[in-house]
Amino acid sequence: MEQRKMVKWLKFLVIFVAICGLILCAVVIPVVGRELSGMSPELGRYFKPWIIFVWVLAIPCFAALIHAWMIFNNIEKDKAFSMENAKHMEKISYLAGADTIALISGNIVLLILNMNHPSVFLVSLMIGIIGIGISVAAAVLSHLIQKAANLQNENDLTI
């Protein structure tokens with residue numbers, strides 16, 4: 001597959017994930033939350049804190065998609081191994097780590113305030129493990145992109 005076609009597919013994927021995330025955060029989660037609070041009136045007071053919590057957790061995800069878009073723009077310009085891409089990947093790593101910390105700490109706070117169920121907390125821990133994996137993978141990729149950019153710069157200077 002040629003580079004331009006690959007970048008178009010990657011950009012399409014970013015747009016698709018962003019639209020799915022918007023639909024999930026703006027439509028699906030509020031509808032499900034209202035249905036749950038309608039079925040059980042004692043859950044009604046938990047609706048607003050949980051919606052705010054989910055929306056706050058979505059912010060770093062959308063920021064990471066913006067950085068991914070910038071990386072794909074550089075790949076399209078044939079600058080795949082650049083320090084700029086390494087910085088973008090490093091920021092994605094930080095965003096994933098911060099989102100994971102916010103997820104776990106927020107769930108702990110909601111559990112302490114008795115606004116969370118232990119099973120939801122356990123599921124959030126499993127999701128947190130995935131977030132840590134994404135953060136570590138992005139950090140490793142950032143390091144490798146940086147090394148490749150340094151090698152490319154050295155190679156350009158020796159010619």
Side-chain angles (χ1 to χ4, degrees), residues 6-37 40 42-77 79-149:
M6 178 184 66
V7 169
K8 284 182 183 182
W9 277 106
L10 290 171
K11 286 183 176 183
F12 170 77
L13 183 64
V14 167
I15 292 170
F16 180 75
V17 169
I19 290 170
C20 287
L22 283 173
I23 291 171
L24 187 69
C25 290
V27 178
V28 175
I29 292 175
V31 167
V32 170
R34 283 190 193 100
E35 285 183 20
L36 287 175
S37 61
S40 180
E42 66 269 5
L43 294 178
R45 66 185 178 105
Y46 304 153
F47 177 71
K48 284 186 182 178
W50 270 98
I51 288 296
I52 292 169
F53 182 58
V54 168
W55 288 343
V56 167
L57 289 177
I59 293 168
C61 297
F62 288 111
L65 289 175
I66 291 168
H67 285 289
W69 187 272
M70 291 178 193
I71 290 171
F72 300 152
N73 280 337
N74 286 336
I75 291 172
E76 192 172 33
K77 296 174 189 171
K79 293 193 259 175
F81 301 111
S82 65
M83 295 304 262
E84 186 179 353
N85 278 354
K87 293 290 182 196
H88 287 303
M89 193 59 75
E90 184 179 20
K91 288 177 184 176
I92 291 172
S93 172
Y94 290 145
L95 287 167
D99 203 33
T100 301
I101 291 169
L103 171 72
I104 293 172
S105 60
N107 268 282
I108 290 171
V109 168
L110 290 171
L111 190 64
I112 290 170
L113 294 174
N114 202 22
M115 298 176 102
N116 197 357
H117 193 271
S119 62
V120 174
F121 177 71
L122 291 175
V123 169
S124 74
L125 286 178
M126 288 189 286
I127 294 170
I129 290 170
I130 294 169
I132 291 170
I134 291 170
S135 178
V136 169
V140 169
L141 284 172
S142 171
H143 177 72
L144 292 174
I145 291 170
Q146 188 175 11
K147 287 180 80 169

Please name the pair of heavy atoms, one in I104 and one in G128, separated by the smallest distance, quoted to 0.1 Å. CD1-CA, 4.2 Å
Minimum-distance pair of heavy atoms, taken over all atoms of T100 and A96: OG1-O, 2.8 Å
Any side-chain heavy-atom pair from I59 and W55 closer than 4.5 angstrom? no
Between P118 and L111, the two heavy atoms sitting closest are N-CD1, 4.1 Å
Can you tell me how far the CG atom of L95 sits from the CG atom of L65, to the nearest 0.5 Å? 10.0 Å
If you look at every heavy atom in S124 and L103, which pair is closest and at what distance? O-CD2, 3.5 Å
Minimum side-chain heavy-atom gap V120-W50 below 4.5 Å: yes
If you round to the nearest 0.5 Å, how far is CD1 of I132 from CG of D99? 11.5 Å
Is I75 close to N85 at the side-chain level, that is, under 4.5 Å between some pair of heavy atoms? yes
Shortest non-hydrogen separation from I145 to A80 and the atoms involved: CG2-O, 4.1 Å
Looking at every non-hydrogen atom in both residues, tell me the closest pair between S142 and A86 and how far apart they are. OG-O, 2.8 Å
dist Q146:CD -> M89:CE (nearest 0.5 Å) comes out at 12.5 Å
Salt bridge (Lys or Arg N to Asp or Glu O under 4.0 Å) partners of K11, counting only residues at least two apart: E76
Quick one: are Y46 and S37 in side-chain contact, heavy atoms under 4.5 Å? no
Do F121 and I108 have side chains that approach each other closer than 4.5 Å (heavy atoms only, starting at C-beta)? yes
Report the relative orientation of the aromatic rings in F16 and F12; use parallel for angles under 30°, tilted for 30 to 60°, perpendicular for over 60°. parallel
Would you say the side chain of I129 lies within less than 4.5 Å of the side chain of L125, judging by non-hydrogen atoms? no
Residues pairing under side chain to side chain donor-acceptor pair (under 3.5 Å) where one sits in residues 112-123, two or more places apart or in two chains, turn out to be N107-N116, H117-S119
Would you say that I71 contacts I92 through its side chain, given a criterion of any heavy-atom pair below 4.5 Å between the two side chains? yes
Please assess L36 against F47 for the test side chain to side chain contact (heavy atoms under 4.5 Å, CB included), listing each intermediate value before the final yes or no. CA-CA 9 Å; L36 287 175; F47 177 71; over 6 Å; no
Nearest 0.5 Å, what's the OG-CG distance between S105 and L110? 9.5 Å
Distance col, row M83:CE vs E90:CD, nearest 0.5 angstrom, shows 9.5 Å
With a 4.5 Å heavy-atom cut-off, do V56 and F53 have their side chains touching? no
